[in-house]
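Chain identifiers are assigned alphabetically (A, B, ...) following the order of the sequence lines, protein sequences preceding nucleic acid strands; residue numbering begins at 1 within each chain. Everything numeric here is computed off the predicted structure, so don't read it as measured data.
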Amino acid sequence: MVFTRTEKSATSNSPVTNGVKEDKDFKKLKQSKASPTAPRRSSARIQALQKAEKTVAGPNAVVVKGEDKCKDNVKEGKSKKRSRKNLVVEEQSVLLLKKKPLACGKDEMKVENAVGQIEDKSDTVKVKDTIRLFNKYYLQLVQEEEKRCVRTETQPKDANSPKKSSQKAPKSKKGAPHVDSKKPAKRPDLKAISKMMENNEILYSEKRIGSIPGIEVGYQFYSRAEMVAVGFHSHWLNGIDYMGQSYAKAYSFEFPIAIAIVLSGMYEDDQDNAEDVVYTGQGGHNLTGDKRQIQDQKLERGNLALKNCVEQCVPVRVIRGHDSSSSYSGKVYTYDGLYKVVNYWCETGLSGFKVFKFRLRRLEGQPTLTTNQVYFTYGRVPQSIAEIRGLVCEDITGGQEDIPIPATNVVDDPPVPPTGFTYCKSLKVAKNVKLPSNAAGCKCKGLCNDPTTCACALRNGSDFPYVSRNGGRLVEAKDVVFECGPKCGCGPGCVNRTSQKGLRYRLEVFRTAKKGWAVRSWDFIPSGAPVCEYTGILARTEDMDSMLENNYIFEIDGLQTIKGLGGRERRSQDGEIPEDILNKYEDPSSESVPEFCIDAGSTGNIARFINHCCEPNLFVQCVLSTHDDLRLARVMLFAADNIPPLQELTYDYGYALDSVLGSDGKIKQMPCYCGAADCRKRLF
DNA sequence: GTCATTCAGAGGTAT
DNA sequence: ACCTCTGAATGACTT
């Protein structure tokens, strides 16, 4: 089930876009308390509110301060030079600041709760934001790399090979030995963590013994580099992460001591029995080729660190690496909890060389390991229609989409399928709305790949908004994305048509107990990948006002976002949007409220089943391709995170609290069941 | 399509 | 100046 979407707010890179209910409501909203939701939604809107009512509430001000600091820690990392202690102290002072308002009156109670939640969740959210930042850098660097490849491709010999999808550029830059500049940059993941280190954006740059706040047992990483970004395991290559002598001053242990290990199952002598692990030490093996042992291991570095753990009873975080062929990322790393290093010995391994062995036993009192974690399989993703439990409809699209979308219901008795709507893959336009088709288009041939000449890329700030990796991923949320359209010279395979290529993942509509219908994917979805468009009937908002009970209206607020109106957070930098686009809308009254909306009440696609969540994994992105009218932009949903199979897909409907009025003119409330740690508890 | 091989990668640790 | 249980591209192979 879906409700009216309103203003969006974005948390860092989880974007937001679109419609505001109406400005009178917004005024009401303004009067509402400097809402407890402020922390969660980094939200422009709330910030605007706070600015607007600076005069309010002392305690709130304090809280805000604390939050700001908190945010600083997350976003800018510790920009202070290292010195751990300072950091710790600072964090404590933040805590103090946060706790202060606890003892206050009613309104402040809200704040208190909110603050309490911030604390709980902020660890989780810090991790999430850190990973999102990593993903953003990663995609930016992939983009840079793709650009570089184009350059080297066109330079050497203008290989205008008719090969279609491969503008991949054979990276044999041998032709130009002096490299077309400084950085070969082959590993965007490593570059991304380098960048985060430079900027002090590593979440826990100080190594820690034991568990890491915000990372529960079962947490999944999608690359070694992600772990480095969080500070969970600080080498991207080594299996054993340990604290060296430099920590001797701050602790009374004998160093080095190991703090985290990755089990990749690659050592020929490793044994893994879930709760009980025999881990082979590092060193002495052939780095290339068969990776066999070629010499004796020594009791040094990581091996010594693990030995010291035995004697000093230091627990070690254990991460298991898994191949997951079904995913684009190809690898998954699960955090499986703390283990104690029970003992160690030295033996002659299969290859005849000395190896060290460490027996690890899982500490008690942790969530049980499932076989899914040890022998990694993603839940039970059905392989065929016959395997689907609770199937109530084989394909709700009736064959319209390339990939069928089944519906399942294991909640109702008897199970019922979703009804009351007509599936429609593409947008329909109401009679009184005219969709222009004035986009000029670019003159590229075949595929667009040179952002310096493609007219469409130029509109996006001289870059393609997408990288071609994984079939097209949006590098970051923008106010609006300009895609290639019907008048462009490029073909359908062009990366700048990424949102026009239909569904890419096997989606399922499933029944939930409290939230009605919901949507999930059987496939892994990498961050920045397009998930689906929001379709329905494109209509005038004013015609909708009578239909208060219609919960499927999506207001198109591309224009409002671009202007930063209604508290929306700008996503693009000033000057990035071509002026000819902006200058069209001169009537300020037309700007305050989205003029157009998409009504998916009676007709729509899969998007109408996607639920709201206060901590979503999708974001909304306005896209223009056939015309350049921001008020009529297409609405796309993109993945904000790497999304594992079977995780419910959600986005932030973006309601401001108390912004929705019932037919009686009273404020309507709707509880939120999203279950996020920082849930606002109300949808509106 | 899958497998095997290749190799750059870049910070941490110790010398 | 070492070390390193990645990742991705390439080439060889199998169906």
Quiz item: Got a sec, which pairs hit salt bridge (Lys or Arg N to Asp or Glu O under 4.0 Å) with one end in residues 216-236 of chain A, sequence neighbours left out?
Solution: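 Found none.
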
For nucleotides 1-4 of chain C, list the nitrogen or oxygen atoms of the protein found under 3.5 Å from its nitrogen or oxygen atoms, one pair per line.
residue	atom	partner	partner atom	Å
C/dT4	O4'	A/N238	OD1	3.2

Quiz item: Does the cation-pi check pass for A/R317 over A/F232, that is, NZ or CZ under 6.0 Å from the six-membered ring centre and within 45° of its axis?
Solution: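 Satisfied, under 6.0 Å and within 45°.
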
Can you tell me the distance, in whole Å, between the [atom1] atom of [X] and the [atom2] atom of [N]?
X      : N      : atom1 : atom2 : result
A/L190 : C/dA9  : CG    : P     : 14 Å
A/R469 : C/dG7  : CZ    : C1'   : 9 Å
A/I202 : B/dG12 : CD1   : P     : 9 Å
A/I193 : B/dG11 : CD1   : P     : 8 Å
A/I240 : B/dG12 : CD1   : P     : 17 Å
A/Y242 : B/dT13 : OH    : P     : 6 Å

Quiz item: Should A/K207 be listed as having a side-chain N or O under 4.0 Å from OP1 or OP2 of B/dT13?
Solution: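 Yes, within the criterion.
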
Check every strand shown and say whether [X] touches a base, only sugar-phosphate, or nothing at a heavy-atom separation below 4.0 Å.
X      : value
A/Y138 : sugar-phosphate
A/S223 : sugar-phosphate
A/Q245 : sugar-phosphate

Quiz prompt | Canonical and wobble pairing (Watson-Crick, G-U, under 3.5 Å) of DNA chain B, dot-bracket with | | solution = ||||||||.||||..

Quiz prompt | Nearest listed nucleotide, side chain of A/Y333, among B/dG12, B/dA10, C/dG7 | solution =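 Minimum distance to the A/Y333 side chain belongs to C/dG7.
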
